[in-house]
Amino acid sequence: MQQDTTTAADGGGGSDDAGLEDRVRLRIRSLRTSRGWSLDELARRSLVNASTISRLETGGRRIALDQLVPLARALGVTIDELLDAPEDDEVVIRPRKDVIQGMTVWPLTRQRDGSDLVVNKMRVPADRGEPDPRVHPGWDWVYVLDGTLLLVLGERRLLVEAGQAAQFSTMTPHWFAGHGGPVEILGIFDRHGERSHLHPGPA
């Protein structure tokens with residue numbers, strides 16, 4: 001029986017190579033299922049037989065370069081992205097705090113991580129002045145870690161306690177501050193929300 005072509009994931013059969021190949025298998029399957037594609041759909045797009053893809057994903061067949069290239073192309077990623085093993089420094093984030101509009105902010109996501117979402121830990125004071133409601137496309141999500149959050153949504157004034165979360169359409173004029181003292185929150189914003197809350201211009 002003819003052997004599969006050696007791949008970048010097949011460097012000599014050691015445990016590191018096996019770990020890399022397992023990682024590639026998982027990434028192929030995860031990318032396929034996240035797109036809602038069946039094995040047949042990926043086969044149609046990549047011109048790799050569906051049974052071959054199934055055996056690749058389950059470990060029944062070694063991953064060959066002549067299969068990896070069309071699969072990566074069909075999944076919309078590069079070979080490097082399939083094979084990449086991030087260093088610890090690329091995984092662990094060491095937030096550096098900044099003070100923006102009177103709020104202390106610790107960014108918990110990288111600036112260019114390919115996501116449209118930005119996660120920040122924020123310490124919001126109670127004395128932020130008069131409400132300055134903002135409107136922007138999308139949704140905001142906040143989780144209160146400590147204290148009480150005063151959330152202004154249009155004409156409504158809501159109190160969100162520690163251990164509670166709030167999610168709301170940002171097409172509603174909105175503003176937030178600490179209630180009775182500073183409040184610590186986790187905020188998940190899309191890029192519109194990041195610009196509006198953390199880099200605001202005129203309302």
Side-chain angles (χ1 to χ4, degrees), residues 19 22-23 26-37 75-77 81-82 84-203:
D22 287 342
R23 200 158 50 237
L26 178 60
R27 287 174 178 168
I28 291 173
R29 185 178 188 280
S30 297
L31 287 167
R32 175 178 65 79
T33 56
S34 69
R35 286 159 172 74
W37 294 352
L75 291 166
V77 297
E81 287 172 325
L82 283 180
D84 181 50
E87 299 294 334
D88 288 347
D89 286 345
E90 296 177 346
V91 174
V92 178
I93 297 174
R94 298 172 178 83
R96 294 184 178 181
K97 70 178 181 180
D98 196 3
V99 178
I100 303 172
Q101 300 291 308
M103 301 180 293
T104 306
V105 179
W106 294 263
L108 303 182
T109 46
R110 302 186 189 281
Q111 289 296 315
R112 296 177 179 83
D113 64 353
S115 168
D116 288 331
L117 298 178
V118 178
V119 182
N120 294 279
K121 177 183 174 183
M122 304 166 65
R123 184 175 177 84
V124 187
D127 54 347
R128 294 191 67 197
E130 290 299 317
D132 179 22
R134 302 266 164 173
V135 174
H136 56 85
W139 291 78
D140 279 356
W141 181 92
V142 294
Y143 175 78
V144 179
L145 297 168
D146 186 57
T148 301
L149 179 73
L150 169 62
L151 176 61
V152 177
L153 292 177
E155 300 299 320
R156 293 181 295 166
R157 299 170 71 88
L158 307 173
L159 296 181
V160 187
E161 305 288 347
Q164 296 179 334
Q167 182 179 5
F168 51 91
S169 167
T170 51
M171 291 305 291
T172 301
H174 56 282
W175 180 87
F176 52 81
H179 177 73
V183 61
E184 288 193 354
I185 64 173
L186 285 180
I188 299 181
F189 309 121
D190 60 18
R191 298 297 176 180
H192 296 291
E194 179 196 24
R195 286 192 296 269
S196 178
H197 297 299
L198 302 182
H199 307 287

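For reference, positions follow the sequence shown, starting with 1.
Seen from the ring of Trp106, Lys121 counts as a face-on cation partner, given the 6.0 Å and 45° thresholds.
Across Ala177 and Ala126, no two heavy atoms sit closer than the pair CB-O, 4.2 Å. Among all heavy-atom pairs drawn from Gly178 and Val183, the shortest one is CA-CG1, 3.5 Å. Taking each heavy atom of Thr172 and Leu153 in turn, the nearest pair found is CG2-C, 3.9 Å.
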- Message: Run the side chain to side chain contact (heavy atoms under 4.5 Å, CB included) test on Ile188 and Val119 for me, step by step, so that the C-alpha distance in whole Å, both residues' side-chain angles and the decisive distance to 0.1 Å come before the verdict.
- Response: CA-CA 5 Å; Ile188 299 181; Val119 182; 3.9 Å; yes
- side chain to side chain contact (heavy atoms under 4.5 Å, CB included) assessment of Met122 paired with Thr104: CA-CA 6 Å; Met122 304 166 65; Thr104 306; over 6 Å; no
Exercise for the section: Carefully, step by step, assess Phe168 and Leu151 under the rule side chain to side chain contact (heavy atoms under 4.5 Å, CB included). Expected result: CA-CA 10 Å; Phe168 51 91; Leu151 176 61; 3.9 Å; yes
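To the nearest 0.5 Å, atoms NE2 (His179) and CZ (Arg157) are separated by 9.0 Å. Atom OH of Tyr143 and atom CD1 of Ile185 lie 12.5 Å apart (nearest 0.5 Å). Between atom CD1 of residue Ile28 and atom CZ of residue Arg32 there is a gap of 10.0 Å, rounded to the nearest 0.5 Å. With values rounded to the nearest 0.5 angstrom, Leu31 atom CG is found 9.0 Å from Leu26 atom CG. Considering OG1 of Thr148 and CD of Gln164, their distance stands at 8.5 Å, rounded to 0.5 Å. Atom OG in Ser34 sits 13.0 Å away from atom CZ in Arg27 (nearest 0.5 Å).
Put simply, the side chain of Val152 does not reach to within 4.5 Å of the side chain of Arg156, judged on heavy atoms. Looking at heavy atoms from C-beta onward, Phe176 lies in side-chain contact with Val124 at the 4.5 angstrom threshold. When side chains are defined from C-beta on, Val142 counts as touching Leu149, because their heavy atoms get closer than 4.5 Å. Inter-residue side-chain proximity for Leu145 and Leu186 is flagged as met; some heavy-atom pair is nearer than 4.5 Å.
Under a cut-off of 6.0 angstrom, the local environment of CD in Gln167 is crowded, with over 12 non-hydrogen atoms contributed by other residues, nucleotides or ligands.
Take Arg123 and apply the side chain to side chain donor-acceptor pair (under 3.5 Å) test, not counting sequence neighbours, and it matches Glu184.
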